[in-house]
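Read the structure below first, then the notes.
Positions are given from 1 along the sequence. Numbering of ligands and ligand atoms starts at 1, following listing order. These numbers come from the heavy atoms of this one structure, side chains and all, not from hydrogens, waters or symmetry mates.
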Amino acid sequence: MSYLASEHLTQKQFTQEQKPKTKNPITLSTLQKYKATGEKFSCLTCYDASFANAMQKAEIDTILVGDSLGMVVQGQNSTLPVSVDDMVYHTKNVARGNRHALIICDLPFMSAATLERAIDAATTVMQAGANVVKIEGGSELSKIVSVLANNGIPTCVHLGLTPQSVNLFGGYKVQGKTDKQANKLLTDCESVVNAGASMLLLECVPKKIAKTISETFTVPVIGIGAGADCDGQVLVMHDMLGIYTKKPAKFVKDFLTDDTNETCDIVGAFKAYHKAVKTGTFPSDEHSF
Ligand code: KIV
């Protein structure tokens, strides 16, 4: 390759990576504004550029590059085998395909087990294109959350059913059902929010406790199997397209084959999901605990 040709290629790659965001990209301030005005926001998991682009067409507000990729992309039995390198690879792909959504990236199993590891992992995924890092746990994360916030890295703390702890829980079970568990959930949220968490994500908790948490804290709260009162909703993309091979959980709705959809293509399914979240028709009681 001539010098000029290789220079041209570098220039083209640079342009691709640096493509500007859309006119009104979703930021944390957008989500805070939504929360203040009662507007709900949509979130879907995504792992590659093509689906990320389809989500941009459907105006999905936020994308989660979830470590669920271990199960739905890699075919593993849990999220435990997923590495920071995997998260970086998929985050780069998603960031290239979508210039609109706020991108949240999971810190995978054990990558936030110490402060040093968390700083390293968070730095790497932010440099790959994430806007927020998601960490599973509770009040024990306060120090990490505070150090990351002080260094410009927003965190979303994932509580309730935290899939990286599936072996401790003895399966994927609803959490926060007893008063004691519900109180612990509330104090965990309080600790991490006071430490500087920018968002919370509640998975598989009774809708009553999710409502209390969403009303108590000013940060945006995303729910999955946590009822309609959360500020935003997330589903795993493969679940809501009905293409994951395992039996869907109670909180999953298939938006691709559901007969109430006007269109039945992938962008149409994303649009139907976005609209259902915005209008509060998803999740219904049938999809909640
Ligand atoms: O990894 C993931 O996709 C998640 C969702 C289940 C919330 O954490």
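- Tyr89 and Leu107 end up in different hydrophobic clusters when Ile, Leu, Val, Met, Phe, Trp and Tyr side chains are linked at under 4.5 Å.
- The shortest contact between atom 3 (O) of ligand 1 and any protein heavy atom is with Ser68 OG, 2.5 Å.
- Neither the backbone nor the side chain of Leu69 comes within 4.0 Å of ligand 1, counting heavy atoms alone.
- The closest approach between any non-hydrogen atom of Glu136 and ligand 1 is not below 4.0 Å.
- Remark: minimum distance from atom 4 (C) of ligand 1 to any protein heavy atom is reached at Leu64 CD2, 3.6 Å.
- Geometrically, ligand 1 and Lys134 share a nitrogen or oxygen pair separated by less than 3.5 Å.
- In Asp67, the parts holding a heavy atom less than 4.0 Å from any atom of ligand 1 are both the side chain and the backbone.
- Within a 6.0 Å radius of NZ in Lys246, other residues, nucleotides and ligands contribute more than 12 heavy atoms.
- Counting heavy atoms under 4.0 Å from ligand 1, residue Asp106 touches it through the side chain alone.
- Of all atoms in ligand 1, numbered sequentially from 1 with element shown, those under 4.0 Å from a heavy atom of Thr45 are 3 (O).
- Put simply, OG on Ser111 and CD1 on Ile119 are 12.5 Å apart, with the number rounded to the nearest 0.5 Å.
- Distance check, rounded to the nearest 0.5 Å: CG of Leu202 to CD1 of Ile209 gives 8.5 Å.
- Below 30°, between 30° and 60°, or above 60°: for His90 and Tyr47 the angle between ring planes is above 60°, a perpendicular geometry.
- At distances below 3.5 Å, at least one donor-acceptor pair connects side-chain atoms of Ser288 with backbone N or O atoms of Ser284.
- Partner Leu200 forms a side chain to side chain contact (heavy atoms under 4.5 Å, CB included) with one of Asp188, Val193, Asp231 and no other, that one being Val193.
- At the shortest separation from atom 6 (C) of ligand 1 among protein heavy atoms lies Glu203 OE1, 3.7 Å.
- Near Gly66, meaning under 4.0 Å from one of its heavy atoms, ligand 1 places the atoms 1 (O), 2 (C), 3 (O).
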